[in-house]
Amino acid sequence: LDPFARFDRALDDIATHHGDADFCVITGDLTERGDIAAYALLKDRLAGFPLATYLILGNHDDRAHYREVFGGSGYVQHAMERESAHLLFLDTLKGPPSSAGLYDAPRREWLSHQLARAGHAPVYLFMHHPPFNIGHPLMDLIKLDDAEEFASLLKGHDIRHIFFGHAHRTISGSWNGIAFSALPGLNHQLPLVGGSVDTVYSDEPPMY
């Protein structure tokens, strides 16, 4: 598969049909192995893209290599406000050898501060790893490790939606009263039924 061919088609389609959107978000796995050259190619592609694009890290990423290309320091987390709502972009990268996610004490402290700032205003979360099982035996093994601690932070706040990656499937539903959704991604997907294809992954139509 050629991930950049699919990525370019997606960017062109977004610019053509959704050019009036406020911004675009890529919910992690920006690269396959976290190579600096891959991040440089990504930055080059996005330089000509007309929408503001916010990036978060997935388990295939490398935080230090990402920072070397895109700048900044520390965790790749940021917050912004849109129409009185608070949008929070979280860094759930745990790092090798694990593909699971982690949201440890320093990151939880940042999130607690952001939620306190939001008060009773609506909050939308963007993250790579889901903090709950999605019903896929492989992915449920590598969800967010400290899911219970994460869930406890959200109590008492108006969390309207969680957008996550990682699943390689179209998924939507409600968790603890919070709506969520995920997309299958552009490069490869996960078959719903194990053994239905020859490899762990499946090649299905890309989707953004």
May I have the list of side-chain donor-acceptor pairs in residues 9-27 shorter than 3.5 Å, sequence neighbours left out?
residue, atom, partner, partner atom, Å
Asp13, OD2, Tyr208, OH, 2.5
Thr16, OG1, Asp12, O, 2.8

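For the atom pair Leu125 CG and Phe180 CZ, the distance stands at 13.5 Å (nearest 0.5 Å).
In this structure the side chain of Leu42 never reaches within 4.5 angstrom of the side chain of Thr31, judged on heavy atoms. Side chains of His65 and Arg33 form no contact here, defined as non-hydrogen atoms less than 4.5 Å apart. You'll find the side chain of Phe164 reaches within 4.5 Å of the side chain of Phe132, heavy atoms only. In this structure the side chain of Tyr39 reaches within 4.5 angstrom of the side chain of Asp61, judged on heavy atoms.
At most 12 non-hydrogen atoms from other residues, nucleotides or ligands lie less than 6.0 angstrom from CD of Glu109. For CG of Asp2, the number of neighbouring non-hydrogen atoms (other residues, nucleotides, ligands) closer than 6.0 Å is greater than 12.
Considering only residues two or more places apart in sequence or on other chains, Arg63 meets the salt bridge (charged side-chain N to carboxylate O under 4.0 Å, His left out) condition with Asp91. Among residues two or more places apart in sequence or in another chain, the ring-ring contact (aromatic ring centres under 6.0 Å, His included) test is passed with His128 by His166.
The aromatic rings of Trp175 and Phe150 lie parallel to each other, their planes meeting at an angle below 30°, with 60° marking the opposite boundary. Ring orientation note: the planes of His161 and Phe163 are tilted relative to one another, at an angle of 30° to 60°.
The two residues Ser202 and Arg169 make their nearest non-hydrogen contact at OG-NH1, 4.3 Å.
Looking at Asn59 and Lys94, their side chains never bring a donor and an acceptor atom within 3.5 Å of each other.
A salt bridge is absent between Asp145 and Arg107; no separation between the charged side-chain nitrogens and carboxylate oxygens falls under 4.0 Å.
By the rule that hydrophobic residues join a cluster once side-chain heavy atoms approach within less than 4.5 Å of another member, Leu30 and Ile36 end up as members of one cluster.
Aromatic ring centroids of Phe49 and Phe7 lie 6.0 Å or more apart.
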